[in-house]
Amino acid sequence: MRILVTGGAGFIGSHLCDRLIAEGHQVICVDNLFTGSKENVAQLENNPNFKFIEHDIVDPFFIDQKIDQIYNLACPASPVHYQSNPVHTMKANTIGVMNMLGLAGKHGASILQASTSEVYGDPEVHPQTEEYRGNVSITGPRACYDEGKRYAETIFFDYQRMHGTTIKIVRIFNTYGPRMAFNDGRVISNFITQALKKEPITIYGDGSQTRSFCYVNDLVEGLIKMMNSAKEITGPINLGNPGEKTMLEMAQKIIALTNSSSKIMYQVLPVDDPRRRCPDIAKAKTILGWSPTVELGDGLQKTIEDFRDRL
Ligand code: NAD
Ligand code: UDP
């Protein structure tokens, strides 16, 4: 197949491109390099089945070659990045998403949207099932991302109902692994960088807030299973690892795994920071036959090795 991956030069997108190329597909990676980098796909540069196109999905995109599938991952994912230009984040999730839906319609391609656990906001239901409608601030600093992604899900279903587009929506929970950007401000990249540099580990708030971390290879497997599921399977489906940890536990684990002398430093909790997050993955298990396989310790070890090499 010829497969378009928007955001393909980013953290998750580059692993997805690797996997699709390994499976023998032709991959067109479309990325504006806002948070991604060509280094992430340098290993594919000379592969005749791989093509990189620098492009912002907010601008219309045309291509003559027939496209079979579109994975729409183009959107900055870390709070630091998506809040640095919130208007552009909104544009990527609205105008950009519509451009990709239009492209899918023109080519008769299936399209998968990388939605997020952030659509649940600061959840009052725990763990989060797909039926839960969320507790999201409409006007807060995270809203450009949370509400943007909610809008994207809405317009996906509108295209499906109006035009019969084959849509696939996955709600991705916190994912980590090699190639995360050092400067993205996310907890795993911050903690590993700080631990390796023997700098203070910055915990926001008292560290009792929770997240559930999924290794990137597991996540990519879920994306591919969802994309290749039967047409009537639209999602939204949660993809994540239900192993819930507090940020204090994560800091202690990373200090131990890196054998670091770093000390913990407490800082102010960002506005609207969700208190708890854990996916209910019953749907992914029964509908896709997917569940994560990589243990947190093993995944962190691989991520630490990658950070050590790059640092
Ligand atoms: P990332 O920031 O590493 O990757 C995003 C990629 O999209 C980057 O290469 C960036 O340059 C590109 N991009 C951003 N805006 C663009 C635009 N307007 N046009 C073209 N390219 C653009 O983030 P990631 O962690 O790889 O996330 C990928 C996708 O998965 C995002 O849509 C994100 O919302 C979603 N997601 C990620 C997580 C996670 O924990 N990593 C969790 C939930 C959802
Ligand atoms: N966090 C932290 N220290 C950091 C970076 C993040 O304690 O240096 C916290 C953050 O406040 C949040 C959690 O870790 O509660 C996960 O943050 P991240 O930005 O990785 O993901 P998200 O909040 O989008 O789930």
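Numbering of ligands and ligand atoms starts at 1, following listing order. Atom set for the values below is all heavy atoms of this structure, side chains included, hydrogens, waters and symmetry mates excluded. Keep in mind that this is a model prediction, so the values were computed, not measured.
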Notebook entry, point to check: Looking only at heavy atoms, is any part of M180 under 4.0 Å from ligand 1, and if so is it the side chain, the backbone, or both, or is it neither?
Noted result: neither
Notebook entry, point to check: What is the ring orientation for F307 with F182, classed by angle as parallel under 30°, tilted 30 to 60°, or perpendicular over 60°?
Noted result: perpendicular
Margin query: If only side-chain N and O atoms count, and only distance matters, is there a donor-acceptor pair under 3.5 Å linking E147 with N93?
Written below: no
Next item on the list: Between F173, Y82, Y145, flag the one that comes closest to atom 36 (N) of ligand 1 by a heavy atom.
Entry: Y145
Next item on the list: Search all heavy atoms of D64 against all heavy atoms of H107 and return the closest pair with its distance.
Entry: O-CE1, 4.5 Å
Checklist line | Proximal ligand 1 atoms for H55, defined as those under 4.0 Å from one of its heavy atoms | finding: 19 (N), 20 (C)
Notebook entry, point to check: What part of R186, side chain, backbone, both or neither, has a heavy atom within less than 4.0 angstrom of ligand 1?
Noted result: side chain
Note to self: Regarding ligand 1, does T175 bring an N or O atom to under 3.5 Å of one of the ligand's N or O atoms?
What the structure shows: yes
Margin query: Applying a heavy-atom cut-off of 4.0 Å, say which part of L33 lies close to ligand 1: side chain, backbone, both or neither.
Written below: backbone
Next item on the list: Using distance alone, determine whether S115 and ligand 1 share an N or O pair under 3.5 Å.
Entry: no
Notebook entry, point to check: Taking non-hydrogen atoms only, is S117 closer than 4.0 angstrom to ligand 1 via side chain, backbone, both or neither?
Noted result: neither
Please tabulate protein-ligand N/O pairs under 3.5 Å for ligand 2, atom names and distances to 0.1 Å.
unit_1	atom_1	unit_2	atom_2	d
ligand 2	3 (N)	T202	O	2.6
ligand 2	7 (O)	Y204	N	2.8
ligand 2	8 (O)	N190	ND2	2.8
ligand 2	8 (O)	T202	O	3.2
ligand 2	8 (O)	T202	OG1	2.9
ligand 2	8 (O)	Y204	OH	3.4
ligand 2	11 (O)	D273	OD2	2.7
ligand 2	15 (O)	Q209	NE2	3.0
ligand 2	15 (O)	R211	NH2	3.3
ligand 2	15 (O)	D273	OD1	2.6
ligand 2	15 (O)	D273	OD2	3.4
ligand 2	20 (O)	V187	N	2.8
ligand 2	21 (O)	N174	ND2	3.4
ligand 2	23 (O)	R142	NH2	3.0
ligand 2	23 (O)	R211	NH2	3.1
ligand 2	24 (O)	E118	OE2	3.3
ligand 2	24 (O)	R142	NH2	3.1
ligand 2	25 (O)	N174	ND2	2.9
ligand 2	25 (O)	R211	NE	2.7
ligand 2	25 (O)	R277	NH1	2.6

Next item on the list: Run down the list I12, V187, T6, V216 and name the one with the heavy atom closest to atom 37 (C) of ligand 1.
Entry: I12
Margin query: In this structure, would V119 and V125 fall into the same cluster of hydrophobic residues linked by side-chain contacts under 4.5 Å?
Written below: yes
Next item on the list: Heavy atoms only: give me the nearest G8-D31 pair and the separation to one decimal.
Entry: N-OD2, 3.5 Å
Margin query: Under 4.0 Å from a heavy atom of N174: which atoms of ligand 1 are those, numbered in the order shown and with their elements?
Written below: 40 (O)
Next item on the list: Look at atom 24 (P) of ligand 1 and find which of A152, A77, G36, C75 reaches it with the closest heavy atom.
Entry: A77
Check: Is a donor on one side and an acceptor on the other found under 3.5 Å between the side chain of H25 and the backbone of R2?
Finding: no
Notebook entry, point to check: Would you find more than 12 non-hydrogen atoms of other residues, nucleotides or ligands less than 6.0 Å from D309 atom CG?
Noted result: yes
Note to self: Can you give me the closest heavy-atom contact between N238 and P279, atom names plus distance?
What the structure shows: CB-CB, 4.4 Å
Item checked: Pair listing, side-chain hydrogen bond (donor to acceptor under 3.5 Å, both in side chains) test, anchored in residues 33-52, at least two apart -> D18-Q43
Next item on the list: Specify whether Y132 and Y120 have parallel, tilted or perpendicular ring planes, treating 30° as the upper limit for parallel and 60° as the lower limit for perpendicular.
Entry: parallel
Checklist line | Distance filter under 4.0 Å to A9 heavy atoms, resulting ligand 1 atoms | finding: 9 (O)
Check: So is there a nitrogen or oxygen of A74 less than 3.5 Å from a nitrogen or oxygen in ligand 1?
Finding: no
Notebook entry, point to check: Pick one: which of R171, R211, R142 meets salt bridge (charged side-chain N to carboxylate O under 4.0 Å, His left out) with E118?
Noted result: R142
Note to self: Counting only heavy atoms not in K197 (residues, nucleotides, ligands), do more than 12 fall under 6.0 Å from its NZ?
What the structure shows: no
